[in-house]
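Here is the structure we will look at, set down as structure tokens.
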Amino acid sequence: MPSHNIAFIGGGNMARSLIGGLIARGVAAVNMSVADPLESQLELLRQQFGVRVSSSNAEAVANSDVVVLAVKPQEMRNVVTGLAPALAHRPVIISVAAGIRASDIRRWAGGIPVVRCMPNRPALQGCGMTGLFATDDVTEAGRQLAADILGAVGATLWLEHESQMDVVTAVSGSGPAYFFLLIEMLETAGITLGLPADMSHQLAVETAYGSGRMAREATEPAAVLRQQVTSKGGTTAAALDVLERGNVRATFAAAIAAAAARSAQLADEFGA
Ligand SMILES: NC(=O)c1ccc[n+]([C@@H]2O[C@H](COP(=O)([O-])OP(=O)(O)OC[C@H]3O[C@@H](n4cnc5c(N)ncnc54)[C@H](OP(=O)(O)O)[C@@H]3O)[C@@H](O)[C@H]2O)c1
């Protein structure tokens with residue numbers, strides 16, 4: 001990967017975190033170029049990372065062998081269509097846009113192989129989770145390159161079918177919001193029961209962090225970890241009993257299904 005020239009179209013949050021992650025992994029800043037319409041954004045990227053910048057998408061991709069599309073989903077069609085002549089003969093293009101199908105990007109780009117990626121917000125902290133899907137014509141080298149680039153900001157997972165991307169979007173793409181909601185609810189409950197807000201915040205956040213680490217490092221499934229921290233007749237059991245009687249599982253299942261359905265609907269809207 002260090003020898004590749006990587007062009008980013010769109011120099012916002014996701015491009016910035018990928019560039020930071022790649023530099024930390026030894027990719028030279030001079031091997032990366034970024035295009036964005038906003039001069040101040042480009043100046044920031046140049047100062048922070050020393051990457052090459054341009055307000056022209058075609059100029060940014062000119063000497064690159066891999067292109068990462070990091071614009072908002074609603075911009076994607078225009079950007080790819082406008083860039084199609086400059087993209088000709090690329091071995092692969094990578095998209096991180098939520099809800100835009102690889103097959104649509106491939107068509108807009110004039111038949112270039114595409115890897116579609118669905119990262120999540122913690123990628124900005126270097127601990128993201130990204131699902132990847134490749135069109136049939138992506139080579140092994142193209143797949144490796146995409147996994148290396150997204151792997152610079154966290155864990156990666158290949159999907160066999162693009163339809164699985166809607167589930168990835170619902171589980172890990174939207175997932176941080178569910179955990180933030182849980183933290184928020186824990187904090188509020190702590191305050192309601194008499195703790196100062198800052199104390200309640202620290203208790204909730206550190207517990208979320210510690211539980212995430214435990215689940216990540218454990219060999220047992222989450223259900224077993226939960227049983228291990230729940231003594232019969234104890235405090236945790238009292239809380240879980242209320243949650244189960246409140247149908248938390250059914251509510252959560254319905255929520256994730258709604259997110260997956262919305263993801264499919266957005267892909268239809270943007271790809272139309
Ligand atoms: N951030 C996340 O947590 C996250 C998670 C998963 C997936 N993603 C995906 O990553 C993509 C980028 O998200 P982001 O959070 O990085 O958004 P962002 O911060 O808004 O960055 C997008 C950048 O693209 C620029 N842009 C707009 N039109 C352009 C054009 N025609 N040519 C070149 N650049 C253009 C924007 O400039 P202006 O600001 O001047 O319009 C902006 O700087 C999105 O498709 C999103 O779905 C993001």
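For ligands, and for the atoms within them, numbers begin at 1 and follow the listed sequence. These numbers come from the heavy atoms of this one structure, side chains and all, not from hydrogens, waters or symmetry mates. Along the sequence shown, residues are numbered consecutively beginning with 1.
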contact_flag Gly173 ligand 1 heavy-atom lt 4.0 Å:
no

The protein heavy atom nearest to atom 12 (C) of ligand 1 is Ala70 O, 3.3 Å

N/O separation below 3.5 Å, Leu124 to ligand 1
no

Looking at every non-hydrogen atom in both residues, tell me the closest pair between Arg143 and Trp158 and how far apart they are.
O-CZ2, 3.2 Å

Shortest heavy-atom approach to atom 20 (O) of ligand 1 - which of Lys72, Arg16, Gln41, Gln74
Lys72

Shortest protein contact, atom 7 (C) of ligand 1 (heavy atom only)
Val96 O, 3.4 Å

Nearest non-hydrogen protein atom, atom 21 (O) of ligand 1:
Gly12 CA, 3.2 Å

Should Met14 be counted as touching ligand 1, given the test is an N or O pair under 3.5 Å?
yes

Could you tell me whether the side chain of Trp108 reaches within less than 4.5 Å of the side chain of Met76, counting heavy atoms only?
yes

Does the Thr236 side chain pair with the main chain of Thr230, one donor and one acceptor, at a distance under 3.5 Å?
no

Starting from atom 6 (C) of ligand 1, what is the nearest protein heavy atom, named by residue and atom, and what distance separates them?
Pro119 O, 3.2 Å

Is it the side chain, the backbone, both or neither of Asn57 that has a heavy atom closer than 4.0 Å to ligand 1?
side chain

Close N or O approach (Ala15, ligand 1; < 3.5 Å)
no

Give the residue and atom name of whichever protein heavy atom lies nearest to atom 11 (C) of ligand 1, and the separation in Å to one decimal.
Val71 O, 3.5 Å

To the nearest 0.5 Å, what is the distance between CG (Asn120) and SG (Cys127)?
8.5 Å

Could you tell me whether some N/O pair between Asn120 and ligand 1 is separated by less than 3.5 angstrom?
no

Holding to ring-ring contact (aromatic ring centres under 6.0 Å, His included), I want the full list of residues that pass it with Tyr178, two or more places apart in sequence or in another chain.
Phe252

Atom 31 (N) of ligand 1 touched by protein (heavy atom, under 4.0 Å):
yes

State whether a side-chain donor-acceptor pair under 3.5 Å links Gln144 with Asp148.
yes

Thinking salt bridges, do Asp166 and Arg262 make one under a 4.0 Å N-O criterion?
no

Among all protein heavy atoms, pick the one closest to atom 24 (O) of ligand 1 and tell me residue, atom and distance.
Gly10 CA, 3.4 Å

When distances are taken from atom 34 (N) of ligand 1, the protein heavy atom at minimum range is Pro37 CD, 3.3 Å

Which pair of non-hydrogen atoms, one from Val138 and one from Pro113, has the smallest distance, and what is that distance?
CG2-CB, 3.7 Å

What residue and atom, counting heavy atoms only, is the protein's closest point to atom 43 (O) of ligand 1, and at what distance?
Asp36 OD2, 2.5 Å

Heavy atom of protein inside 4.0 Å of atom 41 (O) of ligand 1, strictly below:
no

Salt-bridge test for Glu39 and Arg46: reply yes if a basic N is under 4.0 Å from a carboxylate O, no otherwise.
no

